[in-house]
Amino acid sequence: MTAENEFFGSEDLRPPTGGPPSGPDPDESQAVNRSTMPRPGLPALLRAGLRGLRRYPGLAATLYLVQVALSAGAALVAMMMLVAAFGERPLFDRAMDGDLAALIACFRGEPGLALGLFWIAASAVLLYSVVSWFLTAGLVAVFLDVPSRRREVARWFGSAGASNFFPFVRLALWSALPCAVVLGVAGVGFVWVRDRVDNALTMRGWLEALAIGLSPGLLLHWIVSTAIDYARIDLVRHPGLSSLRALMRGFRLVARHRLALVHTLLYGVVFIGVTALYDWMTVGGAMSLLGLVVVRQISSLVRFAAHFGLIAGQVELGCTTMGTPLARRR
Amino acid sequence: MSGLMPALRFLLLGPALALVACRGDVRREVQPLPRVDTRPAFQRPGPPPPAVASYRIEAALDADKHFITASQTLTWRNTGKSPVRELPFHLYLNAFKNETSVFMRESRGVMRGARASKRNWGWIEVKTIRVGDGADVAARARFSGPDETVLELPLEHPVAPGATVQVSMTFDAQLPEVFARTGFKGEFNMIGQWFPKVGVRVGEAGHEVWHCEPFHARSEFFADFGNYDVTLTVPDTHVVAATGMLVKVRDNPDATRTLVYRAEAVHDFAWMADPYVETISGAARTRWGEVEVRVYFRPEQRDFAPRHLAAGIATIEQFSARFVAYPWARMSIIDPPMDAEDGAGGMEYPTLVTTGGDALIHPEGVHFPEFVTVHEVGHNWFQGMLATNEVDEAWLDEGMNQYADGLVMDALYGENGTIDWGGLWAGYYALNAQFGDEFRAVPDPIARRSYEFVDAPSYGTATYVITASAMRTLEKAVGSERFAAALRAYAEKHAFTHPTEADLRRVLEHELGQDLGWFWQPALHQPGAEADLRVRTVRCRVKHEPQGVFGRGGQRKLVDTEPPDSGPQRCEVVIENLGPVAVPVDVEITTADGTVVRKRWDDRGQGPRWSRFELEVADRVVQVVIDPDGLVPLVQGGARRGLRVVPEREPSARAATHGQFWMQTAMQVLGL
């Protein structure tokens, strides 16, 4: 029996507290069977992503709403600040219609406003990043054990999110090391091509210069972020596993299975493509406010769904390729 | 490690790509022999302006060392009424000799985004000096002033009024790595302020004194008109652009080429030598004939060259029509290589300018590169012909030119077309007013010696931005056509002289038929010149019969009729000016039923610093906007110059939802 085969069907799947409701799980047999399946290819990972979305649309919507709520809250505060500053100022109408001089004049007259808006946005993003540790742990747990009933999903999600929050924090702290290396390499690369970036006169030349300078850093980032993703899955699968060890195992998986990298690359392409499409559709500001909100939320939702599917696929790959930690072998 | 190894191999791809990208296929080639110009350098008919300081220069460039070996003969005429006993010469390149020069101390080695090289200093050394046919008197020459940028030569025999003196010199010049308008970068050589240049006699007739200041960081140049015959010897691999017209050229056996240029009625001579530049040209038409406009650029900047060419041609035609016609036959526009742009770009010389602004963020529609060309070519009027003292009265050339540039930009791209890209738009004067510091935060008046400003931001904002805004404001106050006619009269009267602020004011007041004191003193001689206009209050109440007790004795009558809730309104709008400059301005008042009423406040500083408008309208006032058309750029106060009675949330909501999308984008990158 291989290490992979040893893993599935073990109680390690369960979060240490608040586990799933007792009783037969109609998908349990499927979860167990995944261990004996052949190593999946990219289509299988994509199918797993779609399956996750199809199986848990409510969960996906709920998680997305968390993001929307946080960002909308911050946007509401920002809007109130803008209304307080400019609600009585017709010049701001011109600014929002595209009058650059009016825009500069408005913000020059309100020193500190732009910085205040930035910190509100940054705080919201930071808060969501922390909340994401909880959400991701819960989501991974749901994909691992595939509960079917809504209440089971909620319990499974909540208990896994809570029990894995601090391991994820520790993982984030350990990840600071490879992330620092990524930043260092990216920084060195950027400094190397800075003159070419500054002096580029065409978008192609600019992108070429950036690609040359940042490709080592981006490549490292790609590897590191993929390894961290799999380390998170490993932490949820193996309660008690040290975060450092999970990170090392994540790197090991990435080193052994290039499919993991291809999979995250595909997600990156979708993310960038949707963002670029949004930018292309909305340039010029001809849409109504409602139309803009709809287009923005559709774009964000598609990207979120892609991330949701990515995690489902990563769980699929992790389950079929990552062994049980040696300390747990008997 | 089967998956990681290809990734690590890819890791090496970046450096490999960089090496491929950086591999130079550049190879110097012998340039074809340039065509000699057959047209006169100065094509305006009639006698040329009198020459005061004319130079004959022979210079050879060692392109590898960026070193110039030269000799020159100055022919200088005393046009004053007092004898001259010494001749001071600017040695501008010595500003870059070491850190003790006035220039380096004032600039701290940083100027317009460029930083002085600590390895490649520049200097000039006069080796011999002969007056007429006399002996070498270089030993008698002394540096005057705090550094080595002014060399004073005592004369054995004073130059009498109306007399002429010839001074011959030999000198060596080492170009610095490009900084503050001159120097080299790689194989590009921009050679300006490079030869010993005599000062200018200024002051009342009979009491003239020399004006020959040390080279300050925040000042430019001041020189007399004359003719230049300049022989340049350079490698035959280099393209040369220079002030004036090419009148002779020959190849030498030692792989060098000698080019002879002649320029007439100019006050400076600059040139460029580079082995890689390309050229495109076009023609501008003026009343004196065609002007050939050439743009010199490196191949990677090819896309920007037509934009500079079109802007250069338009500027010559527009300025010629508005002021006086361009009298020379050539305009050379040099677009420096990207890595030399901060140091060499954006500088004016007679018939030759350097431009800039080439950048990825300046695509078609963002007319900043064109603006740089318009500005520098425009200097051929405001300083090239109207040769004001750039050291003592920088606003007369920089600021007046900045104002006039807007006329060209508006004519070329429309009043809101200086930026028209990606849904954003901006007009020239409105955008200009947003550059630099806030006007009220500028502690220096416009009219101040350039080196006496507290710092570069104060100098830049007052000299360029506020001056242009002030002139635009004055134009709108007196009428655009009348102001244009007055400026034309100023240009016609003072072309090829050294006009001063007093000359400009005298002509404007004469042509406009009014005393401009209400504007001139606060706008040009007080710090923080602006009209800080704001809406102070807006009050309305329904028109109704007066309530209270009326009459006496038995006639006493109580009127207590409740006023109606709606109906015709009696409104009062108060605007105030918290700035030092009073400017005529329109006020647009909008009522709830959509009626728009325009009022004008034009007391030119004679009344209080506020104005009250009372009006009876069909519905309550909902909005008041001062200067609704944005025609008066001296009006500051930002958004406060308009007031809406009931706040509007929609624009803020648009901005907030836009921000929300990018917040979500960041969230999805960093989190789930």
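Every chain is numbered from 1, with letters handed out A, B, ... down the list of sequences. Quick note: numbers below take in every heavy atom, side chains included, and nothing from hydrogens, waters or symmetry partners.
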Pairwise side-chain contact, B/W425 with A/L100, heavy-atom cut-off 4.5 Å (strictly under): no

Heavy-atom side-chain proximity of A/R296 to B/H658 below 4.5 angstrom: yes

Side chains of B/F661 and A/S300 in contact at under 4.5 Å (non-hydrogen atoms): yes

Residue part contacting chain A, namely of B/E341, when any heavy atom lies under 4.5 Å: neither

Region of A/I311 that comes under 4.5 Å of a non-hydrogen atom in chain B: side chain

Those residues of residues 663-672 of chain B, ordered by number, that approach chain A below 4.5 Å (heavy atom to heavy atom): B/M663, B/Q664, B/T665, B/A666, B/M667, B/Q668, B/V669, B/L670, B/G671, B/L672

B/P628 portion near chain A, given a 4.5 angstrom heavy-atom threshold: backbone

pair B/D339-A/D195: side-chain heavy atoms closer than 4.5 Å: no

Whether B/R654 side chain and A/M96 backbone form a donor-acceptor pair below 3.5 Å: no

Sub-4.5 Å side-chain heavy-atom contact between B/D303 and A/L201: no

Largest heavy-atom contact set with chain A, pairs under 4.5 Å, which of B/P363, B/G427, B/A359, B/P647: B/P647

Interchain contact, A/F107 with chain B, by part (heavy-atom threshold 4.5 Å): neither

Leading residue by heavy atom contact count with chain A [cutoff under 4.5 Å; candidates B/I419, B/D437, B/V535]: B/D437

Region of B/D342 that comes under 4.5 Å of a non-hydrogen atom in chain A: neither

Atom group of A/Y267 that falls short of 4.5 Å from chain B, counting heavy atoms: side chain

Per-residue contact mode, A/L310 against chain B (heavy atom under 4.5 angstrom): neither

Backbone of B/G642 reached by a side-chain donor or acceptor of A/R89 within 3.5 Å: yes

Heavy-atom side-chain contact between A/T275 and B/W662 under 4.5 Å: yes

Chain B contact via A/D279 - side chain, backbone, both or neither, heavy atoms under 4.5 Å: side chain

Under 4.5 Å from a heavy atom of chain B, the part of A/V130 involved: neither

Which atoms of A/V293 approach chain B - backbone, side chain, both or neither, heavy atom under 4.5 Å: side chain

Student check: side-chain heavy atoms of B/Q660 and A/Q297 closer than 4.5 Å: yes

Student check: side-chain heavy atoms of B/E300 and A/T202 closer than 4.5 Å: no

Residue selection (most heavy-atom pairs with chain B, distance under 4.5 Å) from A/E88, A/M81, A/M80: A/E88

Option in A/A121, A/A122, A/A102 with maximal non-hydrogen atom pairs under 4.5 Å from chain B: A/A121

Chain A contact via B/F435 - side chain, backbone, both or neither, heavy atoms under 4.5 Å: backbone

